[in-house]
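In the text below, chain A, chain B and the rest are named by the order of the sequence lines, each starting its count at 1. Bear in mind that the values here come from a model prediction, so they are computed numbers and not experimental data.
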Number of protein chains: 2
Amino acid sequence: MTVRPLPSTTVARLPGYLRSLGGLASEGAHTVSSDQLADLVGVSPAQLRKDLSYLGAGGRRGVGYEVDGLRRQIAQVLGMTEERRLVIVGIGNLGHALATYSGFADRSFELVGLVDTDPAVVGTTVAGHVVRHASELEQVVAEGAATIAILTTPASAAQQTADRLVAAGVSGILNFAPRTVRVPDDVEVREVDLGSELQIVAFHARRLSAEN
Amino acid sequence: MTVRPLPSTTVARLPGYLRSLGGLASEGAHTVSSDQLADLVGVSPAQLRKDLSYLGAGGRRGVGYEVDGLRRQIAQVLGMTEERRLVIVGIGNLGHALATYSGFADRSFELVGLVDTDPAVVGTTVAGHVVRHASELEQVVAEGAATIAILTTPASAAQQTADRLVAAGVSGILNFAPRTVRVPDDVEVREVDLGSELQIVAFHARRLSAEN
DNA sequence: ATATGTGAACCTGTTCACAGCT
DNA sequence: AGCTGTGAACAGGTTCACATAT
């Protein structure tokens, strides 16, 4: 029902807002001003108000935003009202860490399957799921009715695995493999390369240090 | 010697360029055109050329860019000519995965210390390093002369740990803890929240699915 | 002929500043 | 008085299109 599409930068900030609102709620706060919340999240108050205005979040002038109402509204926009089912492909160290990561269930993601190729890993139980062989990828996706996949394979297997995930009907992929994967326009991919992130931090850190 | 400061979006893309160039080099390619490389990385050719022009990367018209030269140039800009020392604070599943992540050494990061509070973890050896207790954080940073830290503590410990890292002289922090940390202006922080990343993917995936 | 380098146009997102509610 | 909501100004980054070099 949102008429105007949300700026993607706004979308990217919403999970952070939700996180901070959760903290406020657990502290018993009923309302919060844009100044307070912005400070908590680390954005400018104007930015926050603009973002919330896209949602049509009704803050009350002179008062602020109602914490619970805002939480519900953001959760709704982020699609958390429906359960999203998730598979993880590649149960190495990172895949294992992600499988046992508690932050997903809190965000209404349900882990429905784990897949790997390593015979030493296939058949073991991780996070309550028996790891299935990659040859069964399509069945795992279908049986679990997964719509989202986390890709933590080696770079060499990433594109091929992504192709199979797409063919199996997945509509979103979070790719940790250090290789860009190409997918059709109707599938969303988000690339997260941990090595790149570290390089970006290091670049800016060095620049800052050099300035003094 | 870079006169114009690089746009931060350009900096964020450089590691990806470098990665693809490494692939090309190992395939024996000597030169590469902006069309080829852009396609490989997943950006537009104009974008790539503009980025490289900031570096003063001398491509030859009618030919393209020299693969090895470009690699060296980007590596230099990213500060890879000097070794950067790294500590990881919080050796849970994610910290463990990052400690054993091979992608860091390739990028001229040297892991010099691991820290945790859990008595079950302190004293164990991970990735060739004995995990030290968090009370020794300052010594670990000093002994290793670390300039960069990866933060993978629980949210509750994140800010306090960041403060101590900054006081110990770290100039860059890659924060995986699901809480924004505040640092002085002369320290670089990059927030990576895996739960948020998944929510962002899911949002766009749902939007794309709904369109058909 | 082919492919780079780049000013200019364009677009997206951020900040400002103040009108408008409560 | 206090705080939101938002048009307008601004900033930053991307794309275009073509001059330029090999």
For [Y], does its backbone N or O pair with a side-chain atom of [X] as donor and acceptor, under 3.5 Å?
{"X": "A:R84", "Y": "A:R107", "result": "yes"}
{"X": "B:E191", "Y": "B:V181", "result": "yes"}
{"X": "B:T100", "Y": "B:H96", "result": "yes"}
{"X": "A:T161", "Y": "A:A157", "result": "yes"}
{"X": "B:E66", "Y": "B:R60", "result": "no"}
{"X": "A:T152", "Y": "A:G90", "result": "yes"}

Worksheet item: Rounded to the nearest 0.5 Å, how far does CG of B:L137 lie from CZ of B:R164?
Response: 4.5 Å
Worksheet item: Starting at the 5' end of DNA chain C and moving along, which residue's nearest nucleotide shows up first, B:G59 or B:G62?
Response: B:G62
Within this structure, what is the [atom1]-to-[atom2] distance between [X] and [N], rounded to whole angstrom?
{"X": "B:L55", "N": "C:dG5", "atom1": "CG", "atom2": "C1'", "result": "13 Å"}
{"X": "B:K50", "N": "C:dC10", "atom1": "NZ", "atom2": "P", "result": "15 Å"}
{"X": "B:L52", "N": "C:dT6", "atom1": "CG", "atom2": "C1'", "result": "13 Å"}
{"X": "A:L6", "N": "C:dG13", "atom1": "CG", "atom2": "P", "result": "11 Å"}

Identify the pairs formed between an N or O of the protein and an N or O of nucleotides 10-13 of chain D at a distance under 3.5 Å, and give each distance.
residue: D:dG13; atom: OP1; partner: B:S8; partner atom: OG; Å: 3.4

Worksheet item: Taking the side chain of A:S44 as its heavy atoms from C-beta onward, which of C:dT15, D:dG5, C:dT14 lies nearest to it?
Response: C:dT15
Fill in: Among C:dT14, D:dC16, C:dA17, the nucleotide that comes nearest once only the side chain of A:R49 is considered
C:dA17
Worksheet item: Where is the tightest heavy-atom contact between A:G56 and A:Q73, given as atom of each residue plus distance?
Response: O-NE2, 3.6 Å
Practice prompt. Could you pull out the closest heavy-atom pair between B:A205 and A:I148, with the gap in Å?
Written response: CB-CD1, 4.0 Å
Discussion item. I'd like to know if B:R182 pairs up with A:D39 as an ion pair, taking the criterion as any Lys NZ or Arg NE/NH1/NH2 lying under 4.0 Å from an Asp or Glu carboxylate oxygen.
Written reply: yes
Fill in: Any residue of residues 17-37 of chain B with a heavy atom less than 4.0 Å from an atom of DNA chain C
B:S33, B:S34
Practice prompt. With heavy atoms under 4.0 Å as the rule, sort A:A57 into base, sugar-phosphate or nothing.
Written response: sugar-phosphate
Worksheet item: Looking at D:dT22, does its base get a donor-acceptor pair with the side chain of B:R61 below 3.5 Å?
Response: no
Practice prompt. Decide side-chain contact (heavy atoms from CB on, under 4.5 Å) for B:V41 and B:Y17; before the verdict, give the C-alpha distance in whole Å, the side-chain angles of both, and the deciding distance to 0.1 Å.
Written response: CA-CA 7 Å; B:V41 179; B:Y17 297 164; 3.8 Å; yes
Worksheet entry | Close approaches to DNA chain D from residues 63-71 of chain A, in residue order (heavy atom, under 4.0 Å) | A:V63, A:G64, A:Y65
